[in-house]
There are 2 protein chains.
Amino acid sequence: MERRRNHSKKRDAILETIRSTKSHPSAEWVFEQLREDFPNLSLGTVYRNIAEFKESGEVMSVAVVDGIDRIDGDTSPHEHLVCTACGAVEDLELDLQTEAISKQISERCGAQASRIHLTAYGLCRCCLKKTN
Amino acid sequence: MERRRNHSKKRDAILETIRSTKSHPSAEWVFEQLREDFPNLSLGTVYRNIAEFKESGEVMSVAVVDGIDRIDGDTSPHEHLVCTACGAVEDLELDLQTEAISKQISERCGAQASRIHLTAYGLCRCCLKKTN
DNA sequence: TAAAAAATAGGAATCATTCTTGTTTTTGCG
DNA sequence: CGCAAAAACAAGAATGATTCCTATTTTTTA
């Protein structure tokens, strides 16, 4: 039951902004980035479009840091590090056997996993340096 | 700088309730469970104590499902399944090489991971049956 | 038992997110 | 083109989980 979507400059810009960063932004951050190009952009529009992107699978949320949802425009399988000091969310590329994990879940629990998220919590390189 | 903690029946009961379930409850759920034994219990007290348990490492949050924080009184290393249909959070026991993963993170990113969370999203056994 | 410290109840405040409504933009069509 | 229907939007109100505040109660200490 796909609803037809009209073209929208703002929606395109929102998706482009999300895709062009590796910062795993919040809705607020996306909004701030676009404020210059679209002075009358509404934060609600950013939230609404992000929700739609999530439904269509173009964007996924990867973490909730300090109560704020952080999203990723890269939906290919990869993992994340959440820095418990500065709140940064970074990409990881581990050799995670997601197939084997899904199989284990199916066999042991009778459940069907559609996505496997691995999130490491700790100190990013920057914050680790500062503790020395 | 550990603050001295007095003894408190309610705090003990809150921790016991959290530890005695595998449902990975919300604060609200814990509150409801204790309402019978402590008719004048305050939801704020549950939140405050959960926050303290998190700080002391006795409890950890394992997922945010539909905007609600879900906690676990079992802080031993294990993984979770979040059912995208009914919102249940279940324990998994996978053969995850967390040591090797932490090592990879350190070598590739220079970061120091203190916890590795693996969360699978999909259909639990019950909800999977219903889709047949 | 009395004062000091800690914990709580109750309710107000916060704040990310969602919803509502009136307006603007886009699209399809004559 | 010009116009009506559909979709998208701005602005701000509403929601709801969580946190904060303060007066009261419980626990500890001596």
Side-chain angles (χ1 to χ4, degrees), chain A residues 1-18 23-56 58-72 82 87 89, chain B residues 1-18 23-56 58-72 82 87 89:
Chain A
M1 210 61 66
E2 284 279 317
R3 183 156 52 91
R4 179 163 59 81
R5 276 206 202 170
N6 281 349
H7 236 282
S8 153
K9 286 185 181 177
K10 287 176 181 172
R11 176 158 51 223
D12 293 348
I14 290 168
L15 185 55
E16 180 51 31
T17 299
I18 295 169
S23 70
H24 307 86
S26 64
E28 183 80 34
W29 186 92
V30 174
F31 175 66
E32 290 303 333
Q33 299 309 111
L34 291 167
R35 247 171 150 3
E36 192 174 349
D37 289 349
F38 300 90
N40 69 337
L41 180 66
S42 172
L43 182 56
T45 295
V46 176
Y47 273 107
R48 177 169 34 77
N49 279 289
I50 288 175
E52 288 172 20
F53 292 144
K54 284 187 189 172
E55 274 184 62
S56 68
E58 292 163 284
V59 160
M60 63 195 312
S61 66
V62 293
V64 176
V65 181
D66 296 330
I68 296 174
D69 191 33
R70 302 285 290 268
I71 60 176
D72 194 343
V82 174
V89 180
Chain B
M1 212 57 64
E2 284 278 316
R3 184 159 51 94
R4 179 163 59 81
R5 275 205 202 172
N6 282 348
H7 201 257
S8 155
K9 286 185 181 178
K10 287 176 181 172
R11 177 159 49 223
D12 293 348
I14 290 168
L15 185 55
E16 180 51 30
T17 300
I18 295 169
S23 71
H24 306 86
S26 62
E28 182 80 34
W29 187 92
V30 174
F31 175 67
E32 290 302 334
Q33 299 309 112
L34 291 168
R35 249 173 148 359
E36 192 172 350
D37 289 348
F38 301 89
N40 71 337
L41 179 65
S42 171
L43 182 55
T45 296
V46 176
Y47 273 107
R48 178 168 34 77
N49 279 288
I50 288 175
E52 287 172 20
F53 293 143
K54 285 186 190 174
E55 274 184 63
S56 68
E58 294 163 282
V59 160
M60 65 195 311
S61 65
V62 292
V64 175
V65 181
D66 295 331
I68 295 174
D69 191 32
R70 303 286 290 269
I71 60 176
D72 196 341
V82 174
V89 179

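Each chain gets a letter, A, B and so on, in the order its sequence line appears, and its residues count up from 1.
Between the CG atom of A:L41 and the P atom of D:dA10 there is a distance of 5 Å, given to the nearest Å. Distance B:F38 CZ to C:dA7 P: 15 Å, rounded to the nearest Å. Following rounding to the nearest Å, A:L43 (CG) and D:dA13 (P) show an atom-to-atom distance of 15 Å. Here D:dT19 presents its C1' atom at 14 Å from CG of B:N49, a figure rounded to the nearest Å. Here the P atom of nucleotide D:dG12 and the CZ atom of A:F31 are 12 Å apart, to the nearest Å. We find that CG of B:D66 is positioned 16 Å from C1' of D:dT18, with the value rounded to whole Å. Between B:I50 atom CD1 and C:dT8 atom C1' there is a gap of 15 Å when expressed in whole angstrom units.
The nearest heavy atom of DNA chain D to B:I68 and to A:E52 marks one nucleotide each, and the one closer to the 5' end goes with A:E52.
Counting only heavy atoms from C-beta on, A:R4 has its side chain closest to C:dT27 among C:dG10, C:dA6, C:dT27. Of the candidate nucleotides C:dA9, C:dA16, D:dT18, C:dA9 has the atom nearest to the side chain of B:T45. Of the candidate nucleotides C:dT8, C:dG10, D:dC9, D:dC9 has the atom nearest to the side chain of A:R48.
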- Message: With side-chain contact (heavy atoms from CB on, under 4.5 Å) as the criterion, how do B:K10 and B:L34 come out once you've worked through the C-alpha distance, each side chain's angles and the decisive distance to 0.1 Å?
- Response: CA-CA 9 Å; B:K10 287 176 181 172; B:L34 291 168; over 6 Å; no
- Evaluate side-chain contact (heavy atoms from CB on, under 4.5 Å) for B:I14 paired with B:T45, printing each intermediate quantity in order. CA-CA 9 Å; B:I14 290 168; B:T45 296; 4.2 Å; yes
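Within a 6.0 Å sphere centred on CG of A:D66, heavy atoms belonging to other residues, nucleotides or ligands number 12 at most.
Side-chain contact check for B:S56 and B:E58: at least one donor-acceptor pair (N or O, by modelled atom type) lies under 3.5 Å.
Heavy atoms of A:R5 sit under 4.0 angstrom from primed sugar atoms or phosphate atoms, though from no base atom.
For B:Y47, no side-chain nitrogen or oxygen approaches OP1 or OP2 of D:dT19 to under 4.0 Å. Contact annotation: A:N40 side-chain N/O to D:dA11 OP1/OP2 distance is not under 4.0 Å.
Contacts of A:D37 classified as side chain to side chain donor-acceptor pair (under 3.5 Å), with partners at least two apart in sequence or in another chain: none.
For the pair A:K54 and A:I71, the minimum side-chain heavy-atom distance is below 4.5 Å. Residues B:V59 and B:L15 are in side-chain contact: their nearest non-hydrogen atoms beyond the backbone lie under 4.5 Å apart.
Within residues 6-18 of chain B, the residues having any heavy atom under 4.0 Å from DNA chain D are, by residue number, B:N6, B:H7.
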